[in-house]
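Structure first, commentary second.
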Amino acid sequence: MQQRPLGRTGRDVSVIGLGTWQLGADWGDVSEEDALAVLAASADAGVTLFDTADVYGDGRSETLIGRFLADRPDAGITVATKMGRRQEQLKENYTPENFRAWTERSRRNLRTDTLDLVQLHCPPTEVIEDDATYDALDALVADGAIAAYGVSVETSAQALAAVARPNVTNVQIIVNPFRLKPLDEVLPAADAAGVAIFARVPLASGMLSGKYTADTTFAANDHRSYNRQGEAFDRGETFSGVDYEVGLAASRELAAALPDGVTLPAATLAWIASRTGITTVIPGARTVAQATSNAAAASVAGLDLDAFDAAVHEVYDRHLREAIHPLW
């Protein structure tokens, strides 16, 4: 598993990480046993970055990671958590006092004195643009509560604002074949600034697994059922904001462009990881098989990345650009 620098922290993280939203909530039920098995399989496959958040299962995801690392203290895992969505998304809630309370809770959940990396969890634009936000985060670093900080964002404009901040370690943004806008400016700017980019929602909520059909159904407590139009949070978090039927058609065409023996999810993860400026890709997994296959995408035999890149852009331009590019 290739390791890449995590911004200016001096740490390296695996090019394929693990997103752990699935281990908390909003994707249907995952047992503790299965969740711990996913963490173990990922670590055994060379994954060294776990991405989580304090609201995933109201702390369940963090707590499970803390439990796993207590048993595997030498696993070499960097844990990136997120904060800021435990209260209403209003600028006045992003205070030094709340930052401290949120990080204290995450430290308890993860069983650590110093959090490796804390990211603001898709905050409002005015929070990202406010000097006071970074003063408060710098104070947490100075106090030893956190080692580094970054920002998870919804839009490319937000990403560029965060990249411009001198002490931001990483920006987490949706990048996949259905979401190409970050390739225009965000990735080059981050690369020039030495800011790490975490590509989240890389498989478009599973749409790019190639397994879904018009008849696929999802559990009632799965955001792919209840958030398709942004009813609960930003619509772009579910299927990358793509209409379900359009996404199915685009996925079929991308799969058809691949050689025999190369799956669409493996090609997608490998393609994202190959983009200049990407530090790590953080697919989620609910099973050991998913975790293992995701990690294996760090090296895909038989894939012509240039040919797949051409297919990605052609499909995007024809099916998605008009509806998706202006929004995020």
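What you are looking at is a predicted structure, and each value in this text was computed from that prediction instead of being measured.
A salt bridge links R105 with D58: at least one charged nitrogen is closer than 4.0 Å to a carboxylate oxygen. Contact check on E104 versus R100 returns no salt bridge, with no Lys/Arg side-chain nitrogen under 4.0 Å from an Asp/Glu carboxylate oxygen. Between R108 and D113, none of the side-chain N atoms (NZ, or NE/NH1/NH2) sits under 4.0 Å from a carboxylate O, so this pair counts as no salt bridge.
Nearest heavy atoms, P202 versus P177: O-CD, 4.4 Å. Taking every heavy atom of both residues into account, A232 and Y226 meet most closely at CB-CE1, 3.6 Å. The two residues A189 and V163 have their closest heavy-atom pair at O-CG1, 3.7 Å. Residues V300 and A266 come closest through the heavy atom pair CG2-O, 3.8 Å. Closest approach of S42 to F50, counting heavy atoms only: CB-CE2, 4.2 Å. In plain terms, the two heavy atoms of S225 and A219 that are nearest each other are OG-O, 2.9 Å.
Under a cutoff of 6.0 Å and an axis angle of 45°, R228 and F239 do not form a cation-pi pair.
Panel note: side chain S293, backbone Q290; a donor-acceptor pair is recorded below 3.5 Å. Between the side chain of R235 and the backbone N or O of Q229, no donor-acceptor pair lies under 3.5 Å.
Counting heavy atoms from C-beta outward, R286 and V38 have side chains that stay 4.5 Å or more apart. Counting heavy atoms from C-beta on, the side chains of M1 and I16 come closer than 4.5 Å. Using a 4.5 Å cut-off on side-chain heavy atoms (C-beta onward), E237 and I174 make contact. The closest side-chain heavy-atom distance from I173 to F198 is not below 4.5 Å. No side-chain heavy atom of F218 sits under 4.5 Å from any side-chain heavy atom of H223. Two residues are said to be in side-chain contact when any heavy atoms from C-beta on lie closer than 4.5 Å; N176 and W271 fail this criterion. Residues Q87 and Y94 fail the side-chain proximity criterion, which asks for heavy atoms closer than 4.5 Å. For the pair L320/H325, no side-chain contact is recorded, criterion being any heavy-atom separation below 4.5 Å from C-beta on.
There is no side-chain donor-acceptor pair under 3.5 Å between S106 and N109. Residues N170 and Q119 bring a donor and an acceptor atom of their side chains to less than 3.5 Å of each other. Donor-acceptor pairing under 3.5 Å is recorded for the side chains of S61 and T20. A donor atom on one side chain and an acceptor atom on the other are not found under 3.5 Å apart for H121 and D54.
Atom CD of E33 has 12 or fewer neighbouring heavy atoms from other residues, nucleotides or ligands inside a 6.0 Å radius.
A distance of 12.0 Å separates CG of D309 from CD of E314, quoted to the nearest 0.5 Å. Here the OH-CZ distance, from Y316 to R179, works out to 8.0 Å after rounding to the nearest 0.5 Å. Here the straight-line distance linking atom CG of L6 with atom OG1 of T169 works out to 6.0 Å at 0.5 Å rounding. I146 contributes atom CD1, which lies 8.5 Å from atom CG of D138 (distance to the nearest 0.5 angstrom). Atom CG of residue L110 and atom CZ of residue R107 lie 11.0 Å apart, to the nearest 0.5 angstrom. One distance of note links OG1 of T276 with CG of L187; it measures 8.0 Å at 0.5 Å rounding.
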Can I get a per-line list of side-chain donor-acceptor pairs under 3.5 Å for residues 72-83, giving both atom names and the distance, sequence neighbours left out?
from	atom 1	to	atom 2	distance (Å)
R72	NH2	D44	OD1	3.0
T78	OG1	R11	NH1	2.9
T81	OG1	E62	OE2	2.6
K82	NZ	D51	OD2	2.6
K82	NZ	T52	O	2.8
K82	NZ	Y56	OH	3.2

Acceptor/donor pairs from residues 150-160 side chains to any protein atom, 3.5 angstrom cut, sequence neighbours excluded:
from	atom 1	to	atom 2	distance (Å)
S152	OG	R200	NE	3.4
T155	OG1	Q158	N	3.1
S156	OG	W328	O	3.4
Q158	OE1	E154	N	3.0
Q158	OE1	T155	N	3.2
Q158	NE2	T125	OG1	2.9

Exercise for the section: May I have the step-by-step check of side-chain hydrogen bond (donor to acceptor under 3.5 Å, both in side chains) for N98 and N93, ending in yes or no? Expected result: CA-CA 7 Å; N98 280 340; N93 287 333; 4.6 Å; no
Handout entry: side-chain hydrogen bond (donor to acceptor under 3.5 Å, both in side chains) between Y212 and R224, intermediate numbers included
Key = CA-CA 12 Å; Y212 297 168; R224 292 169 293 186; 2.4 Å; yes
Exercise for the section: Run the numbers on T133 and D130 for side-chain hydrogen bond (donor to acceptor under 3.5 Å, both in side chains), then give the verdict. Expected result: CA-CA 6 Å; T133 298; D130 189 357; 4.5 Å; no
Exercise for the section: Please report the C-alpha distance between L137 and L120 in whole Å, then the side-chain angles of each, then the deciding distance to 0.1 Å, and finally whether the side chain to side chain contact (heavy atoms under 4.5 Å, CB included) criterion is met. Expected result: CA-CA 10 Å; L137 292 167; L120 295 179; 4.2 Å; yes
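Partners of F99 under the ring-ring contact (aromatic ring centres under 6.0 Å, His included) rule, at least two apart in sequence or in another chain, are W102. With sequence neighbours excluded, no residue forms a side-chain hydrogen bond (donor to acceptor under 3.5 Å, both in side chains) with E126. In terms of the salt bridge (charged side-chain N to carboxylate O under 4.0 Å, His left out) criterion, E129 has no residue partners (sequence neighbours excluded).
Between M207 and the options L264, L248, V242, a side chain to side chain contact (heavy atoms under 4.5 Å, CB included) holds for only L248.
By the criterion of side-chain heavy atoms lying less than 4.5 angstrom apart, applied directly or through intervening Ile, Leu, Val, Met, Phe, Trp or Tyr residues, L208 is grouped together with L18 in one hydrophobic cluster. Note on V127: it clusters hydrophobically with V141, by side-chain heavy-atom contacts below 4.5 Å among ILVMFWY residues. In the hydrophobic cluster analysis, where Ile, Leu, Val, Met, Phe, Trp and Tyr join through side-chain heavy atoms closer than 4.5 angstrom, V15 is grouped apart from L49. In the hydrophobic cluster analysis, where Ile, Leu, Val, Met, Phe, Trp and Tyr join through side-chain heavy atoms closer than 4.5 angstrom, I128 is grouped apart from L117. No single ILVMFWY cluster, assembled from side-chain heavy atoms under 4.5 Å apart, contains both V201 and V315.
Listed by first then second residue, pairs satisfying side chain to side chain donor-acceptor pair (under 3.5 Å) with a partner in residues 254-265 number zero, not counting sequence neighbours.
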